[in-house]
Amino acid sequence: MPHIIEITDFSAPELDVYGRLSEPQLLHFNEPKGGLFIAESPKVILRALDKGCRPLSLLAEPKQLSGEGSQILGRCGHIPVYTAQPEILINLTGFYLTRGMLCAMERPHLPSVKELCTHARRVAVLENVMNPTNVGAIIRSAAALGMDGVLIGQGSSDPLYRRAIRVSMGTVFQIPWTYLGDETLSDFGFKTAAMALRDQSVSIEDPALVSEKKLAVFLGSEGDGLADSTIAACDYTVKIPMFHGVDSLNVAAASAVVFWQLRSRT
């Protein structure tokens, strides 16, 4: 049975993770261990539990103890469950709880790049995608539209930042992802496609792209796009055809179009 604790002291240090620690502080919490993240809403928490993430505590509105979140309590053992009325909780979190429940969890073990890429046919690679909202939206599209994994490159936001998890609707726990270091994707059999507006860019409708057995799609920052060196190193430079004088899409919107068009057909 969970250990229900009614909040009476907002300065209690065990509540810091929910309202007083920044995302970088959560990432480095209890180093050299793997850090923490916050999952919001029962649906997202359940997906994290299904992934094998270990819960440390819960923060919930009282109605969740017998409502939508009750099955979560049954899966979390004897961890502390902090509770108070919504008008009190807002003083701690700074905003109303997303669907009434937050969970502090240990970060999951990530696969190596080799493990992710060995059997994958389509992967997305994010370079300097700094906005957590965009990272979450891209991962959600990758999971929904046929990608086999996501590689987080230099300068990109952490997929386990609270906002990224929320925007992804928990799909960060449903599709494999990991951090890309100095690995060369050609070593794992991938051809590479840089999404960029260049004179030599080919359309995403080019049949050569879909016919590639293994393809890695590189997506760049919201403002400057991919680095010139990244584009030069890729096998293809690819663009989405535009109409009505529009020159580009937001990186998250573009990812959905690209993932669907370039998904593996076999």
Side-chain angles (χ1 to χ4, degrees), residues 23-24 27 37 107-108 110-117 120-188 190-198 201 204 209 212 214-240 248-264:
E23 297 284 11
L27 175 62
F37 69 92
R107 295 174 67 92
L110 297 179
S112 67
V113 173
K114 181 179 180 180
E115 289 169 337
L116 189 151
C117 289
R121 301 196 63 178
R122 294 291 185 269
V123 298
V125 184
L126 310 189
E127 177 183 282
N128 290 318
V129 180
M130 295 172 282
N131 188 320
T133 297
N134 284 335
V135 170
I138 291 169
I139 289 176
R140 186 177 183 181
S141 292
L145 300 175
M147 304 302 280
D148 299 311
V150 179
L151 297 171
I152 309 299
Q154 178 181 359
S156 291
S157 182
D158 181 3
L160 293 182
Y161 276 5
R162 187 181 300 192
R163 186 167 182 81
I165 297 173
R166 181 167 66 246
V167 172
S168 83
M169 289 298 294
T171 54
V172 292
F173 308 113
Q174 294 177 288
I175 185 172
W177 62 272
T178 196
Y179 290 98
L180 181 64
D182 297 329
E183 297 88 352
T184 302
L185 295 184
S186 60
D187 292 342
F188 305 110
F190 282 91
K191 294 292 186 178
T192 52
M195 298 304 303
L197 296 172
R198 297 293 173 93
S201 296
I204 58 169
L209 294 166
E212 292 290 358
K214 301 185 72 161
L215 186 68
V217 179
F218 282 71
L219 297 156
S221 71
E222 297 85 347
D224 298 329
L226 292 168
D228 291 340
S229 58
T230 300
I231 297 171
C234 284
D235 299 294
Y236 298 95
T237 306
V238 184
K239 64 182 177 182
I240 300 171
S248 65
L249 294 173
N250 165 272
V251 64
S255 74
V257 176
V258 173
F259 296 161
W260 175 252
Q261 178 66 29
L262 301 185
R263 71 194 187 280
S264 176

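- For the pair Phe173 and Ser168, the minimum side-chain heavy-atom distance is 4.5 Å or more.
- Contact between Val238 and Ala193 at its shortest, heavy atoms only, is CG2-CB, 3.8 Å.
- Between atom CZ of residue Arg163 and atom OG1 of residue Thr133 there is a gap of 3.5 Å, rounded to the nearest 0.5 Å.
- The CG atom of Leu215 sits 13.5 Å away from the CZ atom of Arg263 when rounded to the nearest 0.5 Å.
- Using a 4.5 Å cut-off on side-chain heavy atoms (C-beta onward), Phe188 and Val113 make contact.
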Can you list the steps and then say if Met195 with Ile204 is a side-chain contact (heavy atoms from CB on, under 4.5 Å)? CA-CA 9 Å; Met195 298 304 303; Ile204 58 169; 4.0 Å; yes
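- For Leu110, the side chain to side chain contact (heavy atoms under 4.5 Å, CB included) partners are Trp177, Thr178, Tyr179, not counting sequence neighbours.
- The side chain to side chain contact (heavy atoms under 4.5 Å, CB included) check on Ser229 picks up Ala227, with sequence neighbours excluded.
- Taking 4.5 Å as the limit, every side-chain heavy atom of Glu127 sits out of range of all side-chain heavy atoms of Leu180.
- Across Val167, Leu160, Val135, a single residue satisfies side chain to side chain contact (heavy atoms under 4.5 Å, CB included) together with Val172, and that is Leu160.
- Within the structure, the salt bridge (charged side-chain N to carboxylate O under 4.0 Å, His left out) test picks out the following pairs touching residues 223-238 (sequence neighbours left out): Arg198-Asp228.
- Without hydrogens or angle criteria, Ser156 side chain to Asn128 main chain gives a donor-acceptor distance under 3.5 Å.
- Listed by chain and residue number, Thr184 satisfy the side chain to side chain contact (heavy atoms under 4.5 Å, CB included) test with Ser186 (two or more places apart in sequence, or in another chain).
- Partners of Ala216 according to the side chain to side chain contact (heavy atoms under 4.5 Å, CB included) rule, which considers only residues two or more places apart in sequence or in another chain, are Val123, Val125, Leu185, Phe190, Thr192, Phe218.
- When every heavy atom of Val129 is checked against every heavy atom of Gly220, the shortest pair comes out as CG2-O, 3.5 Å.
- Taken from CG in Leu226 to CG in Leu126, the straight-line distance is 10.0 Å, to the nearest 0.5 Å.
- For the atom pair OG of Ser221 and CG of Asn131, the computed distance is 11.0 Å after rounding to the nearest 0.5 Å.
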Show which side-chain atoms of residues 138-154 pair as donor or acceptor with protein atoms under 3.5 Å away, not counting sequence neighbours.
from, atom 1, to, atom 2, distance (Å)
Ser141, OG, Ala137, O, 3.3
Asp148, OD2, Arg121, N, 2.8
Asp148, OD2, Arg122, N, 3.0

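- More than 12 heavy atoms of other residues, nucleotides or ligands shown are found within 6.0 angstrom of NZ on Lys214.
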